[in-house]
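Below you'll find the structure, written out as structure tokens, and then a few comments.
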Amino acid sequence: MQKNHFASDNTSGICPEAWSALERANRGRLPSYGDDDWTDRAADLIRELFEKDCEVFFVFNGTAANSLALASLCQSYHSVLCHELAHVETDECGAPEFFSNGTKILLLQGDEGRILPGAIKHAIERRSDIHYPKPRVVSLTQATELGTVYQPDELREICEVAHGLNLSVHMDGARFANAAASLGLPPKSFTWEAGVDVLCFGGTKNGMAIGEAVIFFRKELAHEFDYRCKQAGQLCSKMRFLASQWVGLLEDGAWLKHARNANRMATRLADAIEPLPGLAIKSKVQANSVFLDMTDAVARGLLDRGWKFYSFIGNAGYRFMCSWATTAEEIDELVSDMKQVLAETDDAGNGR
Ligand SMILES: *Cc1c(COP(=O)(O)O)cnc(C)c1O
């Protein structure tokens with residue numbers, strides 16, 4: 001069995017619902033650049049899901065979704081406040097700064113990947129003079145880079161503070177589906193109703209081949225966003241193949257089913273690890289990732305057995321990420337190997 005799937009949720013393939021929608025979209029000839037029924041239907045399904053008349057755009061990946069969304073909210077002399085571990089800061093190669101022609105990213109600290117309203121206030125009150133890049137946006141990630149989830153009231157508080165300071169709120173929802181599955185609430189309650197202005201809704205990690213949706217809940221913020229996408233090379237000419245995957249995921253609730261599976265598998269892993277001495281869970285498991293502390297010897301033992309996982313997210317430990325495709329058998333096999341490696345490293349006297 002291939003054991004590399006715990007590195008990220010994007011190591012898994014295309015889910016059956018997206019695959020079959022692609023097959024349906026592959027029949028016949030259709031208008032290009034989004035002037036087709038699949039694209040209309042996908043945008044309508046998103047508006048239904050969020051119970052909101054909003055502007056929807058489909059792009060290829062999350063870096064583009066975030067960067068273009070942020071660029072549309074900022075002038076070059078503005079700044080974006082986000083958590084120090086935010087993907088827009090650590091994993092987008094400066095794309096938000098590039099596409100906004102120089103908007104600066106300002107970092108906030110916060111436990112478990114979350115930012116708090118107080119940190120936003122502090123960052124604003126620290127400086128307000130002409131020499132400081134003027135804060136214009138708060139960007140937060142749901143579910144966070146550390147696998148935690150903001151509750152609706154936490155979001156409401158953040159958005160209230162942000163709006164009170166004349167800042168817009170952007171949500172990086174690369175794992176929005178996992179947050180939705182975790183919260184079990186209508187998506188509107190932790191997006192626009194809470195005050196989120198723009199959401200980047202991730203399709204790729206949820207089970208699509210490729211594709212993210214940029215959703216402007218305040219429609220006026222989407223002004224000329226279509227030009228921004230085109231200029232950035234993000235306007236897909238065969239748009240039906242991005243859009244149809246959304247239809248496949250959304251029309252019968254597959255997006256939530258798959259996210260629930262990913263979350264359940266992470267919980268299964270965490271529950272099995274909990275009693276094991278030598279492995280310590282670092283961050284609350286609220287979505288589809290488990291962060292662990294273990295000795296180098298144990299990590300090496302697991303790598304030697306073919307398991308793949310990340311170790312570079314701040315000082316958060318080792319990350320095991322579950323996806324729509326992760327099975328209980330795979331979790332059990334991983335746990336069994338963990339137990340064996342722990343026993344072996346313990347025998348060698350270097351397990352503690
Ligand atoms: C995966 C991910 C993205 C999107 O990354 P791309 O590789 O550009 O598609 C954005 N934000 C977060 C938090 C992610 O984990």
Side-chain angles (χ1 to χ4, degrees), residues 5-14 18 57-71 80-99 105 107-108 110 112-115 137-150 155 169-182 190-191 196 198-215 229 232-234 236 242 245-246 249 255 258-259 262-263 266 283 286-291 308-314 316 319-324:
H5 53 274
F6 289 101
S8 183
D9 24 16
N10 57 20
T11 61
S12 59
I14 306 172
F57 300 84
F58 300 104
V59 298
F60 293 105
N61 61 30
T63 298
N66 285 335
S67 303
L68 298 175
L70 290 172
V80 173
L81 308 180
C82 69
H83 192 275
E84 59 185 349
L85 293 179
H87 198 272
V88 294
E89 158 69 9
T90 63
D91 288 294
E92 299 190 353
C93 197
E97 293 92 331
F98 176 76
F99 283 112
I105 306 272
L107 304 182
L108 309 178
E112 302 196 304
R114 273 185 286 243
I115 50 179
V137 180
V138 171
S139 174
L140 46 85
T141 311
Q142 175 80 317
T144 71
E145 284 77 3
L146 293 189
T148 52
V149 171
Y150 288 97
L155 292 169
V169 179
H170 161 260
M171 179 178 274
D172 174 351
R175 298 192 180 89
F176 183 80
N178 303 96
S182 177
F190 52 103
T191 53
V196 173
V198 184
L199 167 68
C200 296
F201 185 178
T204 309
K205 287 170 181 159
N206 192 208
M208 288 170 39
I210 302 163
E212 318 278 303
V214 183
I215 304 169
C229 289
Q234 289 287 325
C236 180
L242 288 187
Q245 296 178 80
W246 282 103
L249 273 180
W255 72 287
H258 290 317
N263 291 6
S283 189
Q286 295 178 329
N288 58 327
S289 58
V290 178
F291 285 86
K308 300 273 197 302
F309 42 89
Y310 278 178
S311 60
F312 59 74
I313 319 258
R319 187 187 79 174
F320 292 79
M321 186 64 81
C322 300
S323 79
W324 70 270

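Whatever order the structure lists ligands and atoms in, that order sets their numbers, starting from 1. Please read these numbers as outputs of a predicted model, since none were measured by experiment.
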Next on the checklist: Closer than 3.5 angstrom, by distance alone: can the side chain of Thr144 be matched with the main-chain N or O of Leu146 as a donor-acceptor pair?
Outcome noted: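 Side chain of Thr144 to backbone of Leu146, a donor-acceptor pair under 3.5 Å: yes, one is there.
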Next on the checklist: Quick check against the 3.5 Å criterion: does Thr148 have a side-chain atom that pairs as donor or acceptor with the backbone of Glu112?
Outcome noted: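 Yes, the answer is positive, given that a donor and an acceptor are paired below the 3.5 Å cut-off.
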Next on the checklist: For His258, give me all partners under side-chain hydrogen bond (donor to acceptor under 3.5 Å, both in side chains), at least two apart in sequence or on another chain.
Outcome noted: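 For His258 the side-chain hydrogen bond (donor to acceptor under 3.5 Å, both in side chains) partners, ignoring immediate neighbours, are Glu17.
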Checklist entry - Any side-chain heavy-atom pair from Arg175 and Asn288 closer than 4.5 angstrom? => result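 The answer is yes; the side chains approach within 4.5 Å.
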Next on the checklist: Between Tyr150 and Arg114, is there a side-chain heavy-atom distance shorter than 4.5 Å?
Outcome noted: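 Yes, close enough: below the 4.5 Å cut-off.
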Nearest-neighbour protein heavy atom for [atom], which is reported as residue plus atom name and distance:
atom                    : result
atom 9 (O) of ligand 1  : Gly62 N, 2.9 Å
atom 10 (C) of ligand 1 : His87 ND1, 3.3 Å
atom 7 (O) of ligand 1  : Thr63 OG1, 4.4 Å
atom 11 (N) of ligand 1 : Asp172 OD2, 2.6 Å
atom 15 (O) of ligand 1 : Lys205 NZ, 2.6 Å

Checklist entry - Under 3.5 Å, N or O to N or O, is Ala64 touching ligand 1 that way? => result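 Ala64 vs ligand 1: no N/O contact under 3.5 Å.
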Next on the checklist: Against ligand 1, does Glu212 come closer than 4.0 Å with any heavy atom?
Outcome noted: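 Heavy atoms of Glu212 never come under 4.0 Å of ligand 1.
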Checklist entry - Minimum heavy-atom separation for Met321 to Ala7, with atom names? => result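 Closest approach of Met321 to Ala7: CB-O, 4.1 Å.
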Next on the checklist: Just to be sure I read this right, does ligand 1 sit under 4.0 Å from the backbone of Thr141, its side chain, both, or neither, counting only heavy atoms?
Outcome noted: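 For Thr141, the contact with ligand 1 is made by the side chain alone.
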Item to check | side chain to side chain contact (heavy atoms under 4.5 Å, CB included) against Ala177, all qualifying residues, sequence neighbours excluded | outcome: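 Applying side chain to side chain contact (heavy atoms under 4.5 Å, CB included) to Ala177 gives Asn206, Trp255, Ala259.
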Item to check | Verdict with supporting geometry, Phe309 and Phe6, ring-ring contact (aromatic ring centres under 6.0 Å, His included) | outcome: CA-CA 5 Å; Phe309 42 89; Phe6 289 101; 8.9 Å; no
Go through ligand 1 atom by atom and flag the ones less than 4.0 Å from a non-hydrogen atom of [X].
X      : result
Arg175 : 15 (O)
Ala174 : 2 (C), 3 (C), 10 (C), 11 (N), 12 (C), 14 (C)
Glu145 : 13 (C)

